[in-house]
Amino acid sequence: MSKTIVLASNNAGKIKEFNALLGDMGIDVKPQSEFNVEEAEETGLSFIENAILKARNACAHTGLPALADDSGIEVDYLDGAPGIYSARFAGDHGNNEANNTLLLDKLDGVPELKRSARFHCVLAYMRHKEDPTPQVFHGVWEGRILTSTEGQEGFGYDPVFYVPECACSAASLPKEVKNQISHRAKALKQLLASFQQTQQDRPF
Ligand SMILES: O=P(O)(O)OP(=O)(O)OP(=O)(O)OC[C@H]1O[C@@H](n2cnc3c(O)ncnc32)[C@H](O)[C@@H]1O
Ligand SMILES: [Mg+2]
């Protein structure tokens, strides 16, 4: 019998990646839109707090275990901005084009060595709304901000994020490659290892 988990996200790009990453794991992951879950208010001051708020909200609305992803990009030249405000950097929530344009503008003329940046992905898994021990996993993907957009794949800040290990932008990578090396892939690998360990520790 496969386990059903609610995915506490409304971001289509993330949902696609989760489906690809969890496809053959025997876990049935359903987006919260299938349960008409209202979006949680992201009032936390850290990725961890926001991920827990989203997971708890989905558990409360569905009575099912939930997995949430709070993620974003940290740019050193901007003292860590946009960070937890990545989705609303340019004002409107989720306006990727405006966010990328603003980021490129803010780094206009900044030399390559000072353009270091990283994606963070924090996952929170909660068994139920009162779960006192949410499981939290954190993946990081290092790179730098390009001087113009490149590539058509992915979502969000992928077109402005240069991946040194592949010598191209994240949006130039085939999705199979991004899903091996991204911040989200790294956090999910930790989660799957932890699920497997729990299964071994508590087989019944
Ligand atoms: O809260 P949910 O419903 O999951 O959806 P969201 O888009 O609001 O998600 P976040 O609050 O976690 O904000 C994350 C922001 O960081 C960006 N981001 C996260 N992961 C990314 C990735 O793999 N590639 C590009 N941008 C990413 C994304 O586009 C958002 O603007
Ligand atoms: Mg959000």
Side-chain angles (χ1 to χ4, degrees), residues 6-21 29-58 61 66-75 78 80-104 117-125 136-146 149-163 166 168-188:
V6 181
L7 184 55
S9 175
N10 295 321
N11 180 312
K14 285 186 193 178
I15 293 171
K16 265 195 209 158
E17 290 186 6
F18 277 108
N19 285 338
L21 286 158
V29 182
K30 295 204 159 103
Q32 62 181 10
S33 60
E34 283 193 24
F35 302 90
N36 299 317
V37 174
E38 272 179 43
E39 195 152 1
E41 259 198 87
E42 293 177 33
T43 53
L45 295 178
S46 64
F47 294 118
I48 298 176
E49 289 165 283
N50 283 337
I52 291 175
L53 287 173
K54 293 187 222 183
R56 189 180 291 130
N57 178 62
H61 280 78
L67 175 64
D69 166 316
D70 200 54
S71 43
I73 194 163
E74 177 191 11
V75 179
L78 303 177
I84 60 165
Y85 304 108
S86 293
R88 38 190 152 141
F89 189 38
D92 290 350
H93 180 273
N95 187 340
N96 295 326
E97 220 176 281
N99 287 340
N100 284 330
T101 303
L102 181 62
L103 185 53
L104 292 176
R118 62 205 56 79
F119 275 120
H120 292 277
C121 171
V122 170
L123 299 178
Y125 174 72
V136 174
F137 309 93
H138 181 192
V140 182
W141 198 18
E142 294 284 341
R144 64 173 185 262
I145 305 301
L146 288 161
T149 58
E150 265 181 48
Q152 304 295 329
E153 301 290 326
F155 66 98
Y157 294 89
D158 283 342
V160 296
F161 187 73
Y162 180 80
V163 182
C166 302
C168 65
S169 78
S172 305
L173 294 174
K175 54 184 177 308
E176 298 76 18
V177 176
K178 183 183 174 193
N179 286 341
Q180 280 296 319
I181 61 177
S182 75
H183 49 313
R184 186 159 297 103
K186 287 173 184 159
L188 258 179

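Order of listing sets the numbers, starting from 1, for every ligand and every atom in it.
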*Can you tell me the protein heavy atom closest to atom 8 (O) of ligand 1 and the distance?*
His93 NE2, 2.8 Å
_Looking at Asp158 and Lys178, is any side-chain nitrogen of the basic one under 4.0 Å from a carboxylate oxygen of the acidic one?_
yes
*List in chain and number order the residues that pass side-chain contact (heavy atoms from CB on, under 4.5 Å) with Asn10, two or more places apart in sequence or in another chain; answer none if no residue qualifies.*
Gln32, Glu39
*the Mg ion (ligand 2): protein N, O or S atoms that are less than 2.8 Å away, sorted by chain*: Glu42 OE2
*Evaluate the ring planes of Phe119 and His183, with Trp represented by its six-membered ring, and classify them as parallel (under 30°), tilted (30 to 60°) or perpendicular (over 60°).*
parallel
*Count the heavy atoms belonging to other residues, nucleotides or ligands that lie under 6.0 Å from CD of Glu38, then report whether that count exceeds 12.*
no
*Could you list the atoms of ligand 1 found under 4.0 angstrom from a heavy atom of Asn10?*
2 (P), 3 (O)
*Structural part of Phe119 in contact with ligand 1, heavy atom criterion under 4.0 angstrom*: side chain
*Can you list the ligand 1 atoms lying under 4.0 Å from a non-hydrogen atom of Lys14?*
2 (P), 4 (O), 5 (O), 9 (O), 10 (P), 12 (O)
_Of the listed options Ala40, Ala87, Ser86, Ser71, closest to atom 14 (C) of ligand 1 (non-hydrogen atoms)_ = Ser71
*Is a side-chain donor or acceptor of Thr101 paired with a backbone partner of Glu97 at a separation under 3.5 angstrom?*
yes
_Out of all atoms in ligand 1, which are within 4.0 Å of some heavy atom of Lys54? Include the element for each._
1 (O), 2 (P), 4 (O), 10 (P), 11 (O), 12 (O)
*Would you mind listing which atoms of ligand 1 come within a distance below 4.0 Å of any non-hydrogen atom of Gly156?*
25 (C), 26 (N), 29 (O)
*Identify which of Gly72, Ala185, Gly154 has a heavy atom lying nearest to atom 16 (O) of ligand 1.*
Gly72
*Minimum non-hydrogen distance to atom 11 (O) of ligand 1, winning option of His183, Glu42, Glu153*: Glu42
*In ligand 1, which numbered atoms sit nearer than 4.0 Å to a non-hydrogen atom of Asp69?*
4 (O), 12 (O)
*Intermediate values then yes/no, side-chain hydrogen bond (donor to acceptor under 3.5 Å, both in side chains), Asn11 and Ser9*: CA-CA 6 Å; Asn11 180 312; Ser9 175; 5.5 Å; no
*Check ligand 1 against Lys178 and write out every atom of the ligand that is under 4.0 Å from a heavy-atom position of the residue.*
22 (C), 23 (O), 24 (N)
*Do Asn99 and ligand 1 have an N or O pair less than 3.5 Å apart?*
no
_Donor-acceptor contact present, side-chain Ser169 to main-chain Phe161, <3.5 Å_ = no
*Does ligand 1 have any atom sitting under 4.0 Å from a heavy atom of Arg88?*
no
*Do Ile73 and Arg118 come within less than 4.5 Å of each other through their side chains, counting heavy atoms only?*
no
*Minimum heavy-atom distance Ile181-Cys166, with the two atoms named*: CD1-SG, 3.7 Å
*Under a 4.5 Å cut-off applied to non-hydrogen side-chain atoms, are His120 and Trp141 in contact?*
no
*Can an N or O of Glu17 be found at a distance shorter than 3.5 Å from an N or O of ligand 1?*
no
*Heavy-atom distance under 4.5 Å between the side chains of Ile145 and Tyr162, does that happen here?*
no
*Least distance between heavy atoms, Ser71 atom then Lys14 atom*: OG-CE, 3.4 Å
